[in-house]
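Convention: sequence-line order gives letters A, B, ...; per-chain numbering from 1.
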Number of protein chains: 2
Amino acid sequence: MTLTEPWNDARADARKRACSPICEDGGCADCKVRTISVCGALEAEEFAALEQLSHAATFAAKAMLFEQGAVAGNLFNVTEGVVRLYKSLPDGRRQIVGFALAGDFLGLALMDRYGVTAEAVTPVKACRFARSAFVHYIDDKPHLLRRLHEFAGHELSLAQDQMLLLGRRSAEEKIAAFLLNLQARYARIGSSSVTIPLPMSRQDIADYLGLTIETVSRTLTKLSRDKTILIVPDGVRLLNIERLDKLTAA
Amino acid sequence: MTLTEPWNDARADARKRACSPICEDGGCADCKVRTISVCGALEAEEFAALEQLSHAATFAAKAMLFEQGAVAGNLFNVTEGVVRLYKSLPDGRRQIVGFALAGDFLGLALMDRYGVTAEAVTPVKACRFARSAFVHYIDDKPHLLRRLHEFAGHELSLAQDQMLLLGRRSAEEKIAAFLLNLQARYARIGSSSVTIPLPMSRQDIADYLGLTIETVSRTLTKLSRDKTILIVPDGVRLLNIERLDKLTAA
DNA sequence: GGGCGTCGTTGACGCAGATCAATGCCGGCG
DNA sequence: CGCCGGCATTGATCTGCGTCAACGACGCCC
């Protein structure tokens, strides 16, 4: 389970504090837990305790963090880079169910086995928690459990939005929604801009939106011809989406 | 959030006990909480306490249990009938994210607002819990919270499976998966058979699978011509799916 | 520098499934 | 009984997107 949401302004301060390095005197000097998602519920000493459990981990692009069906031994907190989460069909068809950015947790569902495969899209840095230690830690912290549950509910709601998108929206609507969503997420982790990077490949985008690479490519070209987006020079993976909000119509 | 899964044989006994009427001396004589999903974690006295919180509720077909975006004041436990859960686009396009059968909980995500709309497909009987009372009750029961969280994780996993289905499977695969899934769920709530009712309309099925009614109808006809399913005489909404397992290929 | 593999774009074409339309089957109701 | 409105089926046709194929732009390695 990836946790990205929910945010609200009331928590912004707590978040800012929470996102600063907290591992200075912990077991791993360079592991900075970005507990963006959960921090609102954490006391300082709890933070310290939590980070004692974590270990720094880095992954090269295309490296696998964990695989669908494997015993869920670890949780991860992404601190840098992008991770794709997907399910596959035996014949190779793939559905990406989400992208995890800095601050997102993976595996918070605390299931026995991973429900999806997680792969690094870009080089990734993450904090790793042993599931057993994590579970043991939170087991007598009802408010933390409540908070996790709250996030699970939000995560589910996002998944349902994605179902609506996959089942009922056109290619153009899918792309527009994807870009706007990505922009909103970048904004939350501190890089607010109308110009956004697309670190993932066209194939990834296609597998996320239930399309083909050709359709993704054509739709992006069309949007840029219509001046709805602007493909920033020198980067097929950098877009300016200033005028995309015209397409919102949520 | 609907909770249907997960089951395992080890819990079957506890479940059987749990599903018997437990409201005899409670506030509502005819409200029978079917805590199929959660019962494994409930002690007898907890059961009694929980059912004290519940009130019987009935809904005519097409009645709304709750609406997307409304303040989430209640939880429901369906005891009879079928409920559809959906999200809508402003232009009327609809995505059904799930059907709730007897034993399923609605609203267990405990979010402030409902993320989907819930409507009775058939006449429905349900136990209603005030959210505040429910939350208050479970708040100091960590093992219950853990269990709820576990279900949330499983629910999410099901949603992700549905994403894969919506994004990457053909019409025929969608229908086959839907029928097999429905059969499996009926089996769990006690009506195990290769002949299953389809209480929902073609439009509902279409909106669940991201198709149109015509495609649903044609695909069902095709499957029955191929002898893969059998449309039981005297019921467009009754199918025999004896030989559908050929199509599984999960 | 040159070969080569990966990635993205673009065009031509085909098809699964959407759309439009007609018909039949009930069930409810005056 | 006969009318009517909702639902399912079926056919004809259309089209959005998939498929197949060619090509250019990079980046990498020898």
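Side-chain N/O atoms of A/T221 include one lying less than 4.0 angstrom from OP1 or OP2 on C/dT10.
Residues B/V124 and B/F76 fail the side-chain proximity criterion, which asks for heavy atoms closer than 4.5 Å.
For the pair B/R185 and B/D104, the salt-bridge criterion is met [side-chain N within less than 4.0 Å of a carboxylate O]. Between A/D161 and A/R169, none of the side-chain N atoms (NZ, or NE/NH1/NH2) sits under 4.0 Å from a carboxylate O, so this pair counts as no salt bridge.
Whole-Å rounding puts the B/Q203 CD to D/dA8 C1' distance at 12 Å. Between the NZ atom of B/K174 and the C1' atom of C/dA16 there is a distance of 11 Å, rounded to whole Å. In this structure, CZ of A/R202 is placed 13 Å from C1' of C/dT10, rounded to the nearest angstrom. Atom P of nucleotide C/dG8 and atom CG of A/D204 are separated by 9 Å, given to the nearest angstrom. Protein atom CG of A/L198 is 14 Å distant from nucleotide atom C1' of C/dC7, rounded to whole Å. One atom, CG of B/L209, and another, P of C/dA16, lie 18 Å apart when rounded to the nearest Å. Here the P atom of nucleotide D/dG6 and the CD1 atom of B/I213 are 13 Å apart, to the nearest Å. One interatomic measurement links the two molecules: CD1 of A/I205 to P of C/dC7, which rounds to 13 Å at whole-angstrom precision.
A distance of 12.0 Å separates CG of B/L211 from OG of B/S217, quoted to the nearest 0.5 Å. Interatomic distance, B/L89 CG to B/R94 CZ, rounded to the nearest 0.5 Å: 12.5 Å. Annotation: the span from B/D207 atom CG to B/I213 atom CD1 amounts to 9.5 Å, rounded to 0.5 Å.
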In B/S/- notation (B base, S sugar-phosphate only, - none; protein heavy atoms under 4.0 Å), nucleotides 12-21 of chain D written 5' to 3' is B----SSBB-
